[in-house]
Structure formats: structure tokens, C-alpha cells
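Sequence lines set the chain letters: A, B, ... in the order given, protein chains first and strands last, and positions in each chain run from 1. The figures here come from the full heavy-atom set of this structure, side chains too, leaving out hydrogens, waters and symmetry mates.
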Amino acid sequence: MAKIRFYLLDITYKVKEGKPVIYMFGRTADGKQVCVIDDSFRPYFYIIPRKGEDIREKVEKVYAEKKDERYEVTGVELAKKKFLENEVNALKVFVSLPKGVPQIRDVVKDWDAVKSCHEYDILYVRRYMIDKGITPMTLVEAEGEESGERMKIPSIKAEKVEQAGEDTLKEPRVLAVDIETYNPGGRAVDTESNPILMIGLHGKNYNKVITWKTFKTAEKYIEFVKSELDLISRFKELVNEYKPDIITGYFSDGFDFPYINARAKKYKIQLDIGLDYSELRIKGRNQVQASITGIVHVDIFKFILRSFGRGGEIESLDLDTVSEALLGEKKVDVDMEELADVWDHHPEKIEEFCRYNLHDAKLAYMLCMKMLPNMIELVKIVGIPLFDIPRLGYSQLVEWFIIRQAPNFNEICMERPHYDEVRERRQKTFLGGFVYEPKPGLYNDIAVFDFRSLYPTIIASHNISPGTLNCECCVEKELAPTEEGKYWFCKKKKGFIPTIIEDLITRRMRIKEMMGKDGKKDPMLVAREQSLKLLANSFYGYLGFFNARWYSLESAKSVTAWGRFHIQRVIEKAKDEGFSVIYGDTDSVFLALDGKKTDDAVKFVEKINRKLPGVMELEFDGYYPSGLFVSAKMGDAGAKKKYALLGEGGEIEIKGFETVRRNWSFVAKDVQKDVLKIVLKDNDPKKALKYVKKMINDLRDHKVPVEKVVIHTQLQKEIGDYASVGPHVAAAKLMKNKGIDVGPGTIIKFIVAKGKGRIKDKVKLPEDAKKEDYDPEYYINNQIIPSVDRIFNALGIDSKELTEKASQSKLGSFL
DNA sequence: CAGGGGCGGGG
DNA sequence: GTGTACGCCCCTG
């Protein structure tokens, strides 16, 4: 019997002869692709019966039928488990097929003797990895013989499969894909009528663009084929030849792969790039996923979205902006609007677009390589396949981490909440972090402190979790300082959730120590440290998240209550020590040194830390020569984090602003951009204010050209299908009346004109509008003001003042 | 004031 | 696939 070791990349299951069979794809240490097949694992779930009920024999006879499929209980075991830290006698119910598990559960869930059912929705392949202790991207050992199944790679029918250590796949083969499509007039994506013009591929020392229109070129990376059909077939061949472990693209879940798939279908091409000859699969409506058996498809956009979020440090998440921010490299500058015309009439100019295409693929590749260490670390910590890492939200990462750890504590997982429960939970809100309102103004010599991982350390140090909440053994000992309610957490026994979060915290501390010693930063360690932090920080949100299995409002409330308690103590002590407090929010405090030295700040931190419980710790975050703080009460929603700091290197850091959206008028976009520029670069709020006032006056005087007030909105469906007629639908109707063909995807351009009634009644088409027509008040109040409101707020200038003064001065000019 | 609809990424 | 978005904003009725 042969023994092999391989790094697990992809895992799936199929039903063969009525049995579920696990297929694991990976690469061996000597670089060969392999598939390991295991048919020994049976699906199951848990029943917790009511006390004194013996239903084992009754459960053994249960079966369910659905769509000509019969599912049976194949065995029942008594299982001594724990549920929320309490011992329970559960039944472990084995079922013939994974799909039968929820069916069987449906049969038994309403029995009087059944208290609850659990783990009936843990995906079969994940269940397999959890129970076997197998971690993707790391070394797995299998023993077995050649299976004889039809595969592109050798396959082993395994007798035995086990984790072989933490050794991780060092250099996965990554191939990036990007397509360019025919798209005259910048219409919505239309896979039916618009062909793919070229496909760009980039890998290590590998550059290729395939296209189906010939032109003279000296570029070796360009390859010509005869038609779009040949293009897709050639793409298939190239993927097979390259044998990637990972295929990546930018928004490739949402665009490139669905597009390639649709075009392949049109030509009836089998897109069987899976290592088992299975076809590319596109699934999901809202959240589209493209997957290939045996090859991990990483949509790097998704991971970047999750890592940096919208409205974060990166202004926009399009490939150009993201590449510049993360790689210092922009896209090739071409006018995409021209592509269709170039394709039809100027083939000699196509090469420019090939360059663009290849470069996009290269950027996606580089972004993937840059983020890969972080994704791999998350795989190793959470234990789910690489494919899922970019596609799961924070809460699901936490949840799968807990699910994976649960068996180590013999814990049965909680159920997912049902719809009504979710709806109820969504209504509930609770008090968040403590905010020390800053006195507006400019400050010098600012020291910033924050609690290292405040909420995670509170959960660990105060033993907060649904399982340790209000235990019978410690009634009312050390109540959480909540505003209302009496919550305490077991003082005798550490809960399993606090234990695993403390483990995350201590692992991270060890890594930080290691990195500190060396001085040089190993990128792998940085990635691990960041991933541990990310996961630990997500626990608090998870406890208060309405879709969470281990949702616990009491726990979430207690976490923020202890947070407020500790930050307020720091603020009190800082005042006692003679610092003046500028601003504080949740886990951070901004102090003015007031003549003290940074050494005094360091000593202050040490003093605080001596008295903090458990793993809690205050850190000295940094020194800033100056900063502007703002009282930023926004309605009764409470204060929002808003400040601008000048760093020692002269860089300006702004927190708490939003960016404009695509469907705003140019005038709003321009004003926001310019105001930011003036404020950040010239550090001159008055100049910015003056600039906006001038723009407002220009609008009132109709000096702003019509193009600048055009609003662009995309029509999403046929005009008749709209239940409510918004401004853009009203404009679409005007277009239709003029005989223009409008439908889903058409960009509707309109302006809001003077007149009475609702906005939709004041809509005009740009070509029918003159400068005098647009409604200045609409553009001032609905476009200009909202776009700069938050910026001026942060600078201590009320934007209402802005209009009032502007209108007064306007009034003045009439008098 | 509730609820419908658009947006993002891609071309 | 033993599962699926989401949070924010504007506008209408």
C-alpha cells in the first residue's frame, strides 16, 4: 500500500453507489497534483432528548423521503457531551447521506421527547475536516491504492487519512485571469450579445493574451485564434497546461467567470477545467460564486473588500485605486469606451488593449500574492478551505472557528437562529463604547493610548460567554457594570469561548514577542499576527450579531459595560496625573502632554497596566505634533469618531468621513474632491469654506454648465416593472417618449430642473436643458451640502451656516 | 415613517 | 449544497 503526503487545496464530496465519498485535491511535497478519495466517513447530527426520555430505538427506525430519494438513520450512539458548559446525554444520529441529515432532523424535531437538535447543518466536508483534524493548505498523509477513477491527475482510494503536521504549501502555483468584452456604449453587462474579445493570463514568468482578431504585433505574449469559440477552447487548454493550484481574478466571481461560462454555454463548449473533468460552476444569485473542482478560485476583490471595507483608508475599491494603494502601481491608462469602436474599425489599436488586459491580470496576480499569506493564515487558524476565506464574513469566520474548536471541549454546537428569532434579535440594541466628547479646537503634543484588543481581552479576562452567563455557582458575584440587568459570569470555571479567545490573544502575543526580538519582520508572522487579531476582534461583534449561533445579548452588553468601566478609569487616572484629556472613544484616549514628556506618558501606561485584570493591557499608540478635534454629534445617533491628525512625518490622518457615490453629479464630486484637497494640503478650512460658498453662488447664478449637474443612474429593469417611479425612471420615460431604446443597464442621464412638485416631476433630459433650467436649491441642498457636510463638521464649521451665510450674502447683494 | 430601489466590483 | 449578501443612502407614497 502506497503512502503519500500532500498539501490539501480543495475538498468536495460526491454520492457514489448510495454512499458519500470525500475527494481531496492537493499537491505533493515534490510538486505533483493528486486526488485522495475517502469513503469511510458517515454524516451525523445530535439530538438532545428531554430528561428521562429513551428514544434511541424509535430514532433508529426513522427514515425520510424526498424527490424519490430515501434517507435512513443508519445508527444511533449515546454520546456524553456538553451543551453550553452543562453535561448532557445526547444521541449521535448517523444518516445514510449528507442531504438526509436535515430531512431526518425535520422528522424528529417536533417529537415531544426531543428537546433540541444540533449540528444538522454543518457542511459534510467541513464536518469531515473537523472530525479528522485536517487543515487545508497543510500536509495531510494518506495510505491507499490507485483508484482507477477518471481524473486528470492520479487518484488514491485511501484506507487511512490523517493530518501530518503544520507544514504549509510554500509556493502555490497561481494563475490570474482577466477578460475584456465587447461593450458598445458602456451598457450593462450583457453576456448574450457581447462577445469576449480577449483573455489575459498571468502567472509566475507567464504572460499570455489570447484574442480573436489579428493585427501586426511584435509582442510574444499575444496569441491569435480564429473566433471567440476558439478563444474559449484555447483558454481551457491553457488552464489545463498551466496546472494552477489557485486561479485568481479581480471581481472574477461577479464578472469574469460568469461571463466566460455564459459564452461557453452559448457555443456549447464543455468548460470541464475541473481536475475530475467537472465543469466550471457558477452558483448563487445575490452572492455569485465561481468554483472549479481541484483548483481554488480566489476572487481577490472579495478578500480586499473584507480586509479594507468600504469607506476605509482606500477611497474606492476598484482595481486601479486598490493597486495603487497596495502595490504602488496603476492600471494601463486606456479609454474603455473606445474598445468596441477600436475592435470594429481600428484593429491596429487593439494591441494597446491587450497590454491593458495583461496588466490587469498581472495586478490581480500581485494583489493575490500580497494577500495570500493572510488568507493562508486564516485557513490554518479557522480550518476552512482557502476557497471560503475571501467569501465568508467576519461573523462566519468566528463561527466556523468556534465550531472547529467545540469538539476539543466536547461541546455540542448551538443551532442557527430561525427567522422569527433573527427578526426579534434585530430589534434589540444596546449601549456601546464610552465616548469622551472633545472640546473642539486645535491641540499640540498629543499622546494616544489604546487598550490592546479591548473587547477580546475583556471576554477572556471576565470570562464572558453564553455558557458562563449567570451560572448557579456564582450568583451575583462581580456583576458586569451594565446600565440595567444583572449579569455575572462564572468565577470558578473558564468557559470554552473565553478559553479559545484567550488562546488567540496569547498566540498573538507570543508572535509579537518573536517579531520584536528579531527586529526583522517575517511576512508569515506578520500575516499570522494580523489574522489572530482580526479573528479575536470579531468575537465581540459576533456575540451581538443577530445571525450568530452563540448570540448572547447579555454577553455583548457586558463586554461594552466592562469596556466603559476600564476606559473611564484610565481617564480618571490621567486627570489625577495632570494630563489633560482631549478625547476618548471606546478603547482609546487622546491626552495633551501639557508640557510633560513622552516618557511620562510611558510611565503612566505602566502604572495603569499593573492594576488591570487578566490579559488586559493599555498601550502607548503614538505621538502627534498637532490635531483638530471636533464635537461631532450627529442627531441623536450619538457621537461619531471624527478627527484629523497631523503625524510626525507631515501626513494627515482623517477619521470618520464618507465618500461620494457614483450616481452623484460632477459638481458634487468636484466640490468634495477640491474641499478635501484644500483642507488636507493647504490645511486651510477658511479657504475651503470660501471655495464652497463660491460654488454655491455659481449654482445660484447658473454659471455651472449643464454637464456638471447631470446625474447618472443605471436603470435596473424595464420601465414597466418599476413599482415606484423614482427620478431616474421618470427620466427613462422621457427618453422612451423620444424614441430612445431604454432597458435594463441603460445609463439614465438627467438633471433636476426648477419647478413645483416632487423631484421626479422636475426631471429633464440634459440635451433638453439649458443652464438656466436646473434647480440650484436642489443641487445645493441634495448634492453639494451632503458631499461636504461631514468634512466641515469635522473642521468645526456647521454646514448649515454655510448656506445661511451664502443666502444672506446673496440677499445682501440684492439690497 | 416604512419600504422600494440603487450601489459596489467588472466592461 | 447538511448554507448566502449587506449596509448605506435617497426617494416616494
Side-chain angles (χ1 to χ4, degrees), chain A residues 12-13 15 20 43-45 71 95 97-106 117 119-127 178-191 194-198 249-259 281 283-289 291 299-302 304-306 309-311 316-322 334 336-340 353 356-357 360 364 388 391-393 395-396 399-400 416 547 658-664 711-717 721-730 745 748 757-761 782-783 786:
Chain A
T12 185
Y13 89 94
V15 176
Y44 65 88
F45 71 107
Y71 304 107
V95 177
L97 285 171
K99 278 188 179 165
V101 171
Q103 305 296 336
I104 299 289
R105 177 250 173 186
D106 273 347
C117 296
E119 307 196 10
Y120 47 84
D121 53 2
I122 309 285
L123 302 173
Y124 179 62
V125 294
R126 293 202 189 151
R127 171 94 281 163
D178 181 54
I179 66 169
E180 307 303 327
T181 63
Y182 188 74
N183 189 17
R187 281 293 202 96
V189 172
D190 177 2
T191 56
N194 294 335
I196 299 169
L197 306 182
M198 53 186 77
Y250 201 81
F251 201 54
S252 41
D253 260 345
F255 182 73
D256 301 78
F257 280 117
Y259 212 112
R281 288 179 305 283
K283 56 194 165 185
R285 266 200 208 167
N286 288 327
Q287 180 70 324
V288 183
Q289 286 187 356
S291 57
D299 182 346
I300 194 59
F301 161 71
K302 289 238 170 92
I304 283 166
L305 172 64
R306 243 250 329 273
R310 294 197 175 92
S316 154
L317 292 182
D318 59 82
L319 183 58
D320 195 42
T321 315
V322 168
V334 295
M336 282 310 292
E337 301 264 305
E338 277 181 11
L339 175 55
F353 286 93
Y356 169 88
N357 184 213
D360 272 11
D388 297 299
R391 293 170 178 87
L392 294 182
S395 62
Q396 280 161 311
E399 190 151 283
W400 282 105
R416 298 163 65 112
N547 261 327
E658 288 168 352
T659 51
V660 287
R661 292 142 63 105
R662 169 172 111 172
N663 61 340
W664 286 43
I711 296 165
H712 301 72
T713 308
Q714 197 177 48
L715 206 63
Q716 295 292 338
K717 43 191 184 186
D721 295 342
Y722 278 90
S724 68
V725 177
H728 70 298
V729 182
I748 308 297
R758 294 160 299 192
I759 289 167
K760 69 164 182 174
D761 301 321
N782 297 47
Q783 300 263 329

Can you measure A/Ile304 atom CD1 to B/dG9 atom P for me and round it to whole angstrom units?
11 Å
Can you tell me how far C1' in B/dG9 sits from the matching atom in C/dC6, rounded to whole Å?
14 Å
Between the main-chain N or O of A/Asp178 and the side-chain N or O of A/Asn357, is there a donor-acceptor pair closer than 3.5 Å?
yes
Any protein N or O atoms within reach of nucleotides 11-13 of chain C? Criterion: under 3.5 Å, listing atom names and distances.
| residue | atom | partner | partner atom | Å |
| --- | --- | --- | --- | --- |
| C/dC11 | OP1 | A/Tyr778 | OH | 2.9 |
| C/dC11 | OP2 | A/Asn782 | ND2 | 3.2 |
| C/dT12 | OP1 | A/Lys760 | N | 3.0 |
| C/dG13 | OP1 | A/Lys760 | NZ | 3.3 |
| C/dG13 | OP2 | A/Arg758 | NH1 | 2.5 |

Rounded to whole Å, the CD1-C1' distance (A/Ile300 to B/dG10) equals 16 Å
A/Asn183 has a side chain; which of B/dG10, C/dG1, B/dG11 sits nearest to it?
B/dG11
Give one of base, sugar-phosphate or nothing for A/Asp318, where a contact means two heavy atoms less than 4.0 Å apart.
sugar-phosphate
Please measure how far the C1' atom in B/dG8 lies from the corresponding atom in C/dG3, and state the result in whole Å.
23 Å
Could I get the full list of side-chain contact (heavy atoms from CB on, under 4.5 Å) partners for A/Val322, not counting sequence neighbours?
A/Tyr250, A/Ile304, A/Ile314, A/Leu317, A/Leu326, A/Leu367
Figure out the CZ/P separation between A/Arg281 and C/dG3, and round it to whole Å.
16 Å
Taking the minimum atom-to-atom distance to the side chain of A/Leu339, which one of C/dG3, B/dG11, B/dG9 wins?
B/dG11
Given atom OH of A/Tyr250 and atom C1' of B/dG11, what is their separation to the nearest angstrom?
15 Å
Per the 3.5 Å Watson-Crick/G-U criterion and a run length of at least three, the stems involving DNA chain B are B:1-8 with C:6-13
Counting any heavy atom closer than 4.0 Å, what does A/Ile179 reach on the DNA or RNA strands: base, sugar-phosphate only, or nothing?
sugar-phosphate
When all nucleic acid strands are considered with a 4.0 Å heavy-atom cut-off, which category describes A/Pro102: base, sugar-phosphate, or nothing?
sugar-phosphate
Would you mind classifying the nucleic acid contact of A/Asn357 as base, sugar-phosphate or nothing, using non-hydrogen atoms under 4.0 angstrom?
nothing
Could you tell me whether A/Gln396 contacts a base, only the sugar-phosphate backbone, or nothing, with contacts defined as non-hydrogen atoms closer than 4.0 Å?
base
Rounding to an integer number of Å, can you tell me how far A/Asn547 CG sits from C/dA5 C1'?
11 Å
Candidate list A/Asn183, A/Leu339, A/Thr181, test side chain to side chain contact (heavy atoms under 4.5 Å, CB included), partner A/Leu197, passing option:
A/Leu339
Check whether any side-chain N or O of A/His728 sits under 4.0 Å from OP1 or OP2 of B/dG5, and answer yes or no.
no
Within the 4.0 Å heavy-atom criterion, would you say A/Gln287 contacts the bases, only the backbone, or no part of the nucleic acid?
base
For A/Asp178, which contact category applies under a 4.0 Å heavy-atom criterion: base, sugar-phosphate, or nothing?
sugar-phosphate
Just jot down the salt bridge (Lys or Arg N to Asp or Glu O under 4.0 Å) partners of A/Arg127, sequence neighbours excluded, or say none.
A/Glu119, A/Asp131
What integer distance in Å separates A/Asp299:CG from C/dA5:P?
18 Å
d(CG, A/Asp253; P, C/dA5) in whole Å:
15 Å
Is there a side-chain contact between A/Lys302 and the phosphate of C/dA5, meaning an N or O under 4.0 Å from OP1 or OP2?
no
Report the C-alpha separation of A/Asp318 and A/Ser316 in whole Å, then their side-chain angles, then the decisive distance to 0.1 Å, and conclude whether the side chain to side chain donor-acceptor pair (under 3.5 Å) test is met.
CA-CA 6 Å; A/Asp318 59 82; A/Ser316 154; 2.3 Å; yes
Sequence neighbours excluded, which residues qualify as side-chain contact (heavy atoms from CB on, under 4.5 Å) partners of A/Asp253?
A/Gln289, A/Ala290, A/His297, A/Asp299, A/Lys302, A/Arg391
Counterpart residues, salt bridge (Lys or Arg N to Asp or Glu O under 4.0 Å), relative to A/Glu399 (two or more places apart)
A/Arg549
Base, sugar-phosphate or nothing for A/Leu97? Non-hydrogen atoms, less than 4.0 Å.
nothing
Counterpart residues, side-chain contact (heavy atoms from CB on, under 4.5 Å), relative to A/Val725 (two or more places apart)
A/Val729, A/Ala730, A/Lys733, A/Lys760
On the nucleotide B/dG10, are OP1 or OP2 found under 4.0 Å from the side-chain N or O atoms that A/Ser252 carries?
no
Residues in side-chain hydrogen bond (donor to acceptor under 3.5 Å, both in side chains) with A/Asp388, at least two apart?
A/Arg126
Among residues at least two apart in sequence or on other chains, which ones pass side-chain hydrogen bond (donor to acceptor under 3.5 Å, both in side chains) with A/Ser291?
A/Arg281
Look at all strands and tell whether A/Phe353 reaches a base, only sugar-phosphate, or nothing, counting heavy atoms closer than 4.0 Å.
nothing
Would you mind telling me which of B/dG9, B/dG11, C/dG3 lies closest to the side-chain atoms of A/Leu317?
B/dG9
So, OP1 or OP2 of B/dG6: does either fall under 4.0 Å of a side-chain N or O from A/Tyr722?
yes
Within the modelled atom types, does a donor on one side and an acceptor on the other bring the side chain of A/Arg126 and the base of C/dG3 under 3.5 Å apart?
yes
Which of these nucleotides, C/dG1, B/dG11, B/dG10, is closest to any side-chain atom of A/Phe251?
B/dG10
Does a nitrogen or oxygen in the side chain of A/Tyr13 sit under 4.0 Å from OP1 or OP2 of C/dG1?
no
Between P of C/dG3 and CG of A/Leu392, the distance in whole Å
15 Å
Given B/dG9, B/dC7, B/dG10, which nucleotide is nearest the side-chain atoms of A/Leu319?
B/dG10
